[in-house]
Amino acid sequence: MQPWSSWLHLPTMIRTHITLSRSAFNTNITRVNSFTGYSSLALVVKANSYGLGMIPLSLLADKHPGVSWLCTVGISEALTLRAAGITKSIVVLSYHDGSLEEAIKQDIHLAATSLQEAEAISVAAQKAGKAASIHIKIDSGMGRNGLLAHEALDIIHRMRHLPSLELYGIFTHLSDTGHADLSYSYLQLERFDRLLDDLEAAQIIIPCTHALSSSSLNLKPRRRYSFMRVGAAAYGLWKNPTQIELVNAIAPLELIPVVEWKASITALKTIPAGEYVGYKRTFFTKEPTKLAMVPIGYSDGYPYALANKGKAYIRGHIIPVVGIVSMNIVAFDVSKVPDAQVGDEIILLGHSSPILPYEMAHDAGYITNLLMTGLHPAIERDVVEEHLPYQLPHSLSRSIFTHIS
């Protein structure tokens, strides 16, 4: 008998994998640059680049002339990027979950959300023997971290006198974008811009300003900021059809999903009429039904809520989920795909299929970011060169997604 340790090295089938399109990523960055007029974008790579893969996408960004900054949520992500060889400027937008001293030594810019945080950064900078660059976070109406806009001027006056501290940037975060009523977003920008005016009047120079993100593509701010923070748009992840309509009402903007998620058929089986499929007996066959067993499930991030309403794509056909999404197996009805075979790949979502991320998210009752960040990080991710944007055959219609008019 083999020792138990040898079992760890037994060959396994690649049951599911994710590809990331270099071409789609580069195209999205170029199109967003053109649409916004910003030659410099900051790529948001927090939460494993919205679940897609922080390291491979950051390496792509490091080579793209349209990306000048990378944004992380915490220090640990930023240090991981430096360890992976990322050379471009990095700014931590939120919490300090790693060594301040090491971050300063690695030329990582740090958010300061309070005077106390700025003081802690100053102490760490002195220990590191190097000045720290901070970006002051302003709460203009999000109600979370940051200096309240109407109180910030006095606190910034105090921050500027802290030793070994450079007030390099100042930023805010909009809370309610992506729909037709933009009044609150403009109120937030008004509060932020008023503070910037007051700083200029007080001759406090903070060279870098940023406030806009992917969800605010349809905003027309009074001021021109230093750069735009872009995550979802760079990855081709629309929120919903409303966002697409609002943005394209300004100018055409076609974004391509960078991600494609595939899985292999491991078994085919015809179930006779009058039988149940899956846990809880939620699907009953009214006629003989050919099923493809696919080795993915909610443990991989495929939403449990897609039971009996999820879709995938194979050989020119959209195939429905049959029964409950279980932990490791999903059954798809391939009765209308006579040439389906064991070993065939189905596309769960992605640019070479009609299954787009925001549509799958809608079907699951999710938001797009929730769907994507739920993809299990252990699923293999490979960067590929080409993208093949899917074109619906004339025999099909987008009306297969009932929420799209």
Practice task
Measure from the side-chain N and O atoms of Thr289 to the backbone N and O of Glu287, and report whether any donor-acceptor pair falls under 3.5 Å.
Solution key: yes
| message | Atom CZ of residue position Phe284 - does it have more than 12 heavy atoms of other residues, nucleotides or ligands inside 6.0 Å? | response | yes
- Query: Side chains of Tyr38 and Leu212: closer than 4.5 Å at any heavy-atom pair?
  - Reply: yes
Any side-chain heavy-atom pair of Val258 and Leu60 under 4.5 Å: no
Point to revise | Stepwise side chain to side chain contact (heavy atoms under 4.5 Å, CB included) test for Tyr298 and Ile324 | key: CA-CA 10 Å; Tyr298 57 79; Ile324 291 291; over 6 Å; no
- Message: Please check this pair: side chain of Thr113 against backbone of Lys137, looking for a donor-acceptor N/O pair closer than 3.5 Å.
- Response: no
dist Leu41:CG -> Ser68:OG (nearest 0.5 Å) comes out at 7.5 Å
Sidechain-backbone polar pair: Ser164 side chain, Ser122 backbone, donor-acceptor under 3.5 Å:
no
*asked:* Using a 3.5 Å distance criterion without hydrogens, assess whether the side chain of Asp300 forms a donor-acceptor pair with backbone atoms of His376.
replied: no
> If you measure from the Lys or Arg side-chain nitrogens to the Asp or Glu carboxylate oxygens, is any gap between Glu275 and Lys269 under 4.0 Å?
Replying inline: no
**OP:** Would you check, one step at a time, whether the test side chain to side chain contact (heavy atoms under 4.5 Å, CB included) holds for Ile156 with Ile170?
**Re:** CA-CA 10 Å; Ile156 292 171; Ile170 186 168; 4.0 Å; yes
Closest non-hydrogen contact found for Val383 with Pro56 is CG2-CB, 3.7 Å
Nearest heavy-atom approach of Cys71 to Leu93 is CB-CD1, 3.6 Å
Open item on the list: Would you say that more than 12 heavy atoms from the other residues, nucleotides or ligands in this model lie under 6.0 Å from the NZ of Lys309, or not?
Closed with: yes
Just checking, is any N or O donor in the side chain of Thr177 or Ser215 under 3.5 Å from an acceptor N or O on the other one? yes
Check: Will you find, in the side chains of Ser21 and Glu260, an N or O donor that is under 3.5 Å from an N or O acceptor?
Finding: no
Query raised in the report: Just by distance, do the side chain of Asp62 and the backbone of Lys88 share a donor-acceptor pair under 3.5 Å?
Result: yes
* Asked: Within a reach of under 6.0 Å around CZ of Arg223, are more than 12 heavy atoms found that belong to other residues, nucleotides or ligands?
  -> yes
message = Would you say Thr373 and Asn48 are linked by a side-chain donor-acceptor pair, where the criterion is simply a distance under 3.5 Å?
response = no
Query raised in the report: With under 30° as parallel and over 60° as perpendicular, where do the rings of Tyr235 and Phe25 fit, or are they tilted in between?
Result: parallel
Q. Relative to each other, are the rings of Trp69 and Phe227 parallel, tilted or perpendicular (30° and 60° limits)?
A. tilted
Q: Mark yes when over 12 heavy atoms from residues, nucleotides or ligands other than Arg224 sit less than 6.0 Å from its CZ; otherwise mark no.
A: yes
Practice problem: With Arg222 as the cation and Tyr186 as the aromatic partner, state whether NZ or CZ is under 6.0 Å from the six-membered ring centre and within 45° of the axis. | Solution: no
Handout entry: Main-chain N/O of Ala24 paired to Asn28 side chain as donor or acceptor, under 3.5 Å
Key = yes
Q) Does the Arg191 side chain pair with the main chain of Ser140, one donor and one acceptor, at a distance under 3.5 Å? A) yes
**Prompt:** Does a side-chain heavy-atom distance below 4.5 Å link Tyr225 with Leu189?
**Reply:** yes
query = Hey, mind stepping through Thr172 and Met142 against side chain to side chain contact (heavy atoms under 4.5 Å, CB included) and telling me if it holds?
reply = CA-CA 9 Å; Thr172 195; Met142 175 68 84; over 6 Å; no
- Taking Asp97 for its side chain and Ser76 for its backbone only, find out whether a donor-acceptor pair lies under 3.5 Å. yes
In terms of heavy-atom contacts, Asp176 and Gln188 come closest through N-OE1, 4.4 Å
Just so I know, are the side chains of Ile18 and Leu52 near enough to count as touching, which here means a heavy-atom distance under 4.5 Å?
no
Determine whether Ile379 and Ile296 satisfy the following criterion, side chain to side chain contact (heavy atoms under 4.5 Å, CB included), listing intermediate values before the conclusion.
CA-CA 10 Å; Ile379 299 174; Ile296 49 98; over 6 Å; no
Correct closest heavy-atom pair for Ala118 and Leu165 would be O-CD2, 3.8 Å
**Prompt:** Does any N or O in the side chain of Ser326 come within less than 3.5 Å of the main-chain N or O of Ile329, such that one atom is a donor and the other an acceptor?
**Reply:** yes
To the nearest 0.5 Å, atom NE2 of His109 lies from atom CD1 of Ile121 at 11.5 Å
I'd like to check Ile265 versus Phe332 (side-chain heavy atoms, cut-off strictly below 4.5 Å). Are they in contact?
no
Judged by atom type as modelled, is there a donor-acceptor pair below 3.5 Å linking the side chain of Arg229 to the main-chain atoms of Val44? no
Heavy-atom closest pair (Ser226 atom, Pro207 atom, distance to 0.1 Å) is OG-O, 3.4 Å
Next on the checklist: Quick check: do Val45 and Glu77 have side-chain heavy atoms less than 4.5 Å from each other?
Outcome noted: no
Heavy atoms of Phe283 and Gly323 approach each other most closely as CB-N, 3.8 Å
#### Entry: Neighbour count >12 (heavy atoms, 6.0 Å) for atom CE, Met293
yes
Notebook entry, point to check: Looking at side-chain heavy atoms only, is the closest gap between Leu371 and Thr368 below 4.5 Å?
Noted result: no
Notebook entry, point to check: Taking atom NZ of Lys290 as the centre, does the number of heavy atoms from other residues, nucleotides or ligands within less than 6.0 Å exceed 12?
Noted result: yes
Inset, instruction - Would you check if Thr72 and Val92 make a side-chain contact, meaning some heavy-atom pair closer than 4.5 Å? - result: yes
